Amino acid sequence: MGFANNPYSAYQTTAVKTASQGRLVVMLYQGAAKELSAAFSCFEADDKIPAKKIEEFGRHIMKTQEIISELQVSLDMEKGGQISQNLMSLYVYFNKELMDVNINQDKKKLSFILDMIKQLGSAWEIASSSTANTTAQNVQQTLNITG
C-alpha cells in the first residue's frame, strides 16, 4: 500500500523524519507503551492468557523489546554522562524483565514495566517540549535523577 492510499502512514513517516531527537525518544516510549498495553489486554479476567492469544502476547512483548533496544542505541554515552548510564541500566533491566514476562506471562511485572515506561515517556515529553534538542541534563532535571 503506497502513501497515497494511506495518508496516516505518510504523516507518520514525515513526522519521524522531521522530529527532533527528543521527540523521537518520546515516540519510541509511546510505541513501547502501546505495545505493552496491547500485551496487557491479552490477559483475561482470571489473569491468564488464553491459548489463542499467546502468540499475539509474545509479538507485543518482542516489539517492545525491539523498541527498548532502539532506545539503547540512541543513548549518547559520552555526552549523556551518568543519566545515559542510568538509562542504559534501566533498558537492560526492562528487556531482561520482559523476557521473564513473556515466558511466565507475569501480569504484575508487565503492569510495573508499563507504568515505568509511561512515567519515563512523560518525563521525556516534558523535557523535549522545553527545548528543540533535548539534552541529557533536561531529562535528568525532569526525572530528578542525581548523578
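Just so it is clear, the structure is predicted and the values come from calculations on it, not from any experiment.
- Distance check, rounded to the nearest 0.5 Å: NE2 of H60 to OG of S41 gives 6.0 Å.
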Check against side-chain contact (heavy atoms from CB on, under 4.5 Å), E44 and I49: CA-CA 6 Å; E44 301 224 324; I49 300 174; over 6 Å; no
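- The nearest pair of heavy atoms linking C42 to P50 is O-CD, 3.5 Å.
- The shortest distance between side-chain heavy atoms of Y29 and I67 does not fall below 4.5 Å.
- Here the side chains of K109 and D100 are in contact, with some heavy-atom distance below 4.5 Å.
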Trace of the side-chain contact (heavy atoms from CB on, under 4.5 Å) decision for L98 with L36: CA-CA 10 Å; L98 286 170; L36 290 175; 3.7 Å; yes
E35 vs R59, side-chain contact (heavy atoms from CB on, under 4.5 Å): CA-CA, chis, key distance, verdict: CA-CA 9 Å; E35 291 297 333; R59 267 196 319 272; over 6 Å; no
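- Taking 4.5 Å as the limit, every side-chain heavy atom of L28 sits out of range of all side-chain heavy atoms of W124.
- Follow the hydrophobic side-chain contacts under 4.5 Å out from I61 and you never reach I103; the two are in separate clusters.
- Separating the OG atom in S69 from the CE atom in M62 is a distance of 12.0 Å, to the nearest 0.5 Å.
- Between the side chain of S84 and the main chain of D76, a donor-acceptor pair closer than 3.5 Å is present.
- Hydrophobic clustering, with ILVMFWY side chains joined whenever heavy atoms are under 4.5 angstrom apart, keeps V26 apart from V73.
- The environment of NZ in K107 is crowded: more than 12 heavy-atom neighbours from other residues, nucleotides or ligands sit within 6.0 Å.
- In terms of modelled atom types and a separation under 3.5 Å, the side chain of N104 and the main chain of D106 share no donor-acceptor contact.
- The CD atom of Q82 sits 10.0 Å away from the CG atom of L87 when rounded to the nearest 0.5 Å.
- A distance of 13.0 Å separates CD1 in I68 from NZ in K96, rounded to the nearest 0.5 Å.
- No side-chain donor-acceptor contact under 3.5 Å links S111 to the backbone of K108.
- Partners of Y91 according to the ring-ring contact (aromatic ring centres under 6.0 Å, His included) rule, which considers only residues two or more places apart in sequence or in another chain, do not exist here.
- The two atoms that bring S74 and V25 nearest to each other are OG-CG2, 4.3 Å, heavy atoms only.
- Side-chain contact between L90 and L120 is present, with at least one heavy-atom pair separated by less than 4.5 Å.
- A heavy-atom distance below 4.5 Å is not found between the side chains of M88 and Q85.
- Between L114 and S37 the shortest side-chain heavy-atom distance falls below 4.5 Å.
- Taking each heavy atom of I117 and A32 in turn, the nearest pair found is CG2-CB, 4.0 Å.
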CA sep, side-chain torsions, deciding dist, call: F43, L110, side-chain contact (heavy atoms from CB on, under 4.5 Å): CA-CA 11 Å; F43 285 94; L110 174 61; 3.8 Å; yes
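- Distance check, rounded to the nearest 0.5 Å: CZ of F112 to CD of E97 gives 8.5 Å.
- To the nearest 0.5 Å, atoms CE (M27) and NZ (K34) are separated by 11.0 Å.
- If you chain together hydrophobic residues whose side chains sit under 4.5 Å apart, V92 and F94 fall into the same group.
- Of all non-hydrogen atoms in G58 and N102, the two that sit nearest each other are CA-OD1, 3.4 Å.
- Considering only heavy atoms from C-beta on, R23 comes within 4.5 Å of E125 through its side chain.
- V101 has its side chain within reach of F57: a pair of non-hydrogen atoms, C-beta onward, lies under 4.5 Å apart.
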